Every structure is written in structure tokens, then in C-alpha cells.
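One structure below.
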Amino acid sequence: MRRSARFLAALAMLALVFGPALAEARPGGGFSSGSRGSRSFSPPPATRTIPNTTPRPFDRSATPPTRPAAPATPGAAAPARGGMFGGGFMAGMMGGLIGVGLGGLLFGNGLFGGISGFAGILGLLLQVALIVFAVRFVMKLIRNRQQPAMAGGPRPQAAAGGPAPAGSYARQMQDGRPMGGMGAGGAPAGVPVQVGPADFQAFERLLRDINIAWTRRDEPALASLATAEMASYFRSDLRDLAARNWQNETRDVKLEQGDLSEAWREGNAEYATVAMRFSLVDVTRDMSNGAVVEGDPESRKTVSELWTFVRQNGGAWRLSAIQQPG
């Protein structure tokens, strides 16, 4: 009885370990992987194909996370340095002299009546200085009250660098019209580029060719179709499957719908993130006997993902990232 319990526990542990690989054995493994240049940690804009959802952040990426600079607070001044008169020796001296003046007032000798001779001349100068400081202090208060209202006033959305509304640039992939990309996250990097019908045909072809190479476990072909980073993830996933004596087949891939999320240029590189919904036959088999481990070879499944492509100096497009909807 005890031996049966241990056997069942071992089976349960194996199910937990192998479950994710069984469920998502297609290219990318169901992860968000790769890089989108400087926009790797900015969510792509929503499209009609994948609407109203924020893509899952990258589970695997060679791009190190960047912390955005803290926004400047409207009207914020430099850190105070010890009060009205600054800090250090100046603050101590001015405080002492004001104390002397207050003492003179208390004893009926005037503001600086407690000192005479040269000190009297100094007292006059200090009175003038106090008036100047007081005027500057009042002007500073007035400016600080006015600046937030000015900084928070209306301004054009494009000039502010904010994201354009979804749908204003995400168009149907097959309609044949050129499209431009917009920024994301309020601070787009790079400049928009135009993507035309020939580019979309290349994206659809890459979708098919990558799945064919994946099924054949053709690592050199995957390296020619994807960036070095994505090819390394494909290679690692294929070897994980082989270690379990499994092979994943994805065949008869058909693009059902796709549209552009954004496209932009960074230096010599052009990026395009495309939302794609496609159907395919997705089956995982045991390589020793061909038995089906997961999936149905007679039925199709539908997948929605965001694929990012990159090209250098106007060359061929290559896969740079795959992201899952949130």
C-alpha cells in the first residue's frame, strides 16, 4: 500500500513538471520571449485582432529591464539648503544678526539700535538685504503656485508623446494599405515607419516557415529566420522536448487575421509588432513509438500572439519576439 502511494506521488510530481511543456510545446513554448529594442518593456498598442488586453511581459529577454526616469514634479524647485538663507556659515551669521536686531527692538533701541559705529552701517545694509530677501521669497511663492497650473494645462496629445488611440493606426493586415507605427507607454523611442503589403506577406511567410522548421527540428533554418536571441530560445526548447523523448509538430498553419500594432526605426534597425490570430494542428508525440502525448492530429486549434519582426538596413525581416496576450 505504501509503495502504491509513493508511485502515485511520483506520478503527480511528474505531471507538475511536464504539464507546461505538454500544454505549450509549439514555437515559443507559450512564453513571452525575445526583445523589441528600446520598447521591450513598453506594451504594444491594442489592435482589432488582440483588443483591450495588455500583453504579458517578457518571461525571457536579453534586454535588461530599464527603470524609467522619475517624472519631474511641476513647479518643483531644487532641494532646500537650510532654510531661507541657505545653509552653513551664511545661515548662522544671518541668524545671529537678526537675533541682535530683535534684541534691540525688545530693549527699545530700534531694530539695530543695539550696535553702533561700523555695526550701525552694517545694520542698515542688513535691513536692505532683508527687504531684498523678503521680496525674492514672495516672488518664489507666487511662481510655485502658478507653475502647476501651467504644467497641467491642455496640450496636444501628439506633442505630449502620449499613445494614439487604438484603432487609429491598427488596420486589417490584409487590406493592402500602408501603415505607420506609433509609440507606446507615453514615451515612444524611434520614429514611425511605413509597412506595406510586401512586408505583411513576409510576416505571414515567416509564421509558416518558422513552424515548418520547428517541426523538422531544423536549428540552422530557425537561426536564419529569427534573431540570435530567439534562435537560442528555440534551440533550448527543442532540446528540452528531446530530453523527454518528445517531438512537437505544428502543421497546416493558416493566418486567420492580423493587423499592425506599431512599427518604428531605431538607428539602422526597423521593428514591426503584429498581432496575429492563426490556426494550426498542434501535436506532441513520443519519438520512440509515435504515440500522441498531447493534442489531436485531426483537429485545429486557434492561437493569438504578438510577433515582432526586425530588419537591418532594409534587409530581410526576422522574428525578434513572441508575446502572449495578458
Side-chain angles (χ1 to χ4, degrees), residues 24 26-28 30-59 61 63 157-158 160-208 210-211 226-227 230 253-266 269-280 300-311 317-326:
E24 305 290 353
R26 67 180 184 275
F31 295 108
S32 288
S33 306
S35 300
R36 298 195 326 120
S38 62
R39 301 191 185 188
S40 295
F41 297 94
S42 298
T47 73
R48 286 199 296 251
T49 301
I50 304 180
N52 304 320
T53 182
T54 300
R56 203 169 72 202
F58 284 115
D59 305 298
S61 179
T63 303
Q157 183 75 10
S168 64
Y169 47 86
R171 305 188 185 117
Q172 190 69 19
M173 188 169 168
Q174 291 90 346
D175 64 4
R177 291 177 291 173
M179 308 177 196
M182 300 292 292
V191 295
V193 299
Q194 296 296 314
V195 177
D199 299 307
F200 291 121
Q201 291 173 7
F203 301 154
E204 185 174 359
R205 185 167 56 251
L206 279 168
L207 172 67
R208 292 195 304 266
I210 286 173
N211 277 276
T227 62
M230 283 302 297
V253 179
K254 179 182 178 182
L255 180 66
E256 304 291 347
Q257 180 177 328
D259 51 6
L260 182 70
S261 175
E262 57 183 348
W264 71 100
R265 178 182 294 107
E266 295 180 14
E270 291 181 344
Y271 290 86
T273 296
V274 181
M276 295 194 287
R277 183 167 65 245
F278 53 94
S279 62
L280 74 168
R300 303 178 65 83
K301 64 183 294 186
T302 301
V303 177
S304 294
E305 292 178 327
L306 284 150
W307 284 38
T308 296
F309 304 92
V310 64
R311 65 181 175 185
W317 290 102
R318 303 171 78 185
L319 177 67
S320 177
I322 297 176
Q323 284 179 276
Q324 307 301 321

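Residue numbers run from 1 in the order of the sequence given. Computed from heavy atoms alone, side chains included, the values below leave out hydrogens, waters and symmetry copies. Remember, it's a predicted structure, so these values are computed and weren't measured experimentally.
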Problem - Check: T63/S35 side-chain N/O donor and acceptor closer than 3.5 Å - result: yes

Exercise for the section: Quick one: do T302 and R277 satisfy side-chain contact (heavy atoms from CB on, under 4.5 Å)? Show the steps, please. Expected result: CA-CA 7 Å; T302 301; R277 183 167 65 245; 3.6 Å; yes

Handout entry: salt bridge (Lys or Arg N to Asp or Glu O under 4.0 Å) partners for E305, two or more places apart
Key = R26

Problem - side chain to side chain contact (heavy atoms under 4.5 Å, CB included) partners for R311, two or more places apart - result: D199, E270, W317

Exercise for the section: Check R48 against D259 and note the closest heavy-atom contact, atom names and distance. Expected result: N-OD2, 3.0 Å

Practice task
Could you check whether the rings of F203 and F200 sit parallel, tilted or perpendicular, using 30° and 60° as the cut-offs?
Solution key: perpendicular

Exercise for the section: Check step by step if side-chain contact (heavy atoms from CB on, under 4.5 Å) holds for Q324 and F31. Expected result: CA-CA 7 Å; Q324 307 301 321; F31 295 108; 5.8 Å; no

Exercise for the section: Would you check if the side chain of R36 reaches a backbone N or O of Y271 as a donor-acceptor pair within less than 3.5 Å? Expected result: no

Fill in the blank from the handout: Between the CG atom in L319 and the OG1 atom in T227, the distance rounded to the nearest 0.5 Å is 6.5 Å

Exercise for the section: Quick one: closest heavy-atom pair of T49 and M276, and the distance? Expected result: CG2-C, 4.0 Å

Handout entry: OG1-CG distance between T47 and N52, expressed to the nearest 0.5 angstrom
Key = 10.0 Å

Fill in the blank from the handout: NZ (K254) and CG (L207) are apart, to the nearest 0.5 Å, by 13.0 Å

Practice task
Flag the pair S33 / I322 as yes when at least one side-chain heavy-atom distance between them is below 4.5 Å, and no otherwise.
Solution key: no

Exercise for the section: Examine the side chains of E266 and S38 and answer whether a donor and an acceptor come within less than 3.5 Å of each other. Expected result: yes

Practice task
Would you give the length of the straight line joining atom OG1 of T54 to atom CD of Q323, rounded to the nearest 0.5 angstrom?
Solution key: 10.5 Å

Practice task
Would you name the heavy atoms of E262 and P44 that are closest together and state the gap between them?
Solution key: OE2-CA, 3.8 Å

Completion exercise
d(F278 CZ, S304 OG) to nearest 0.5 Å is 8.0 Å

Handout entry: Minimum-distance pair of heavy atoms, taken over all atoms of T273 and L260
Key = O-CD1, 3.5 Å

Fill in the blank from the handout: Heavy-atom nearest pair, P43 first then P55, reads CB-CD, 4.2 Å

Problem - Side-chain donor/acceptor of S320 to backbone N/O of F309, under 3.5 Å - result: no

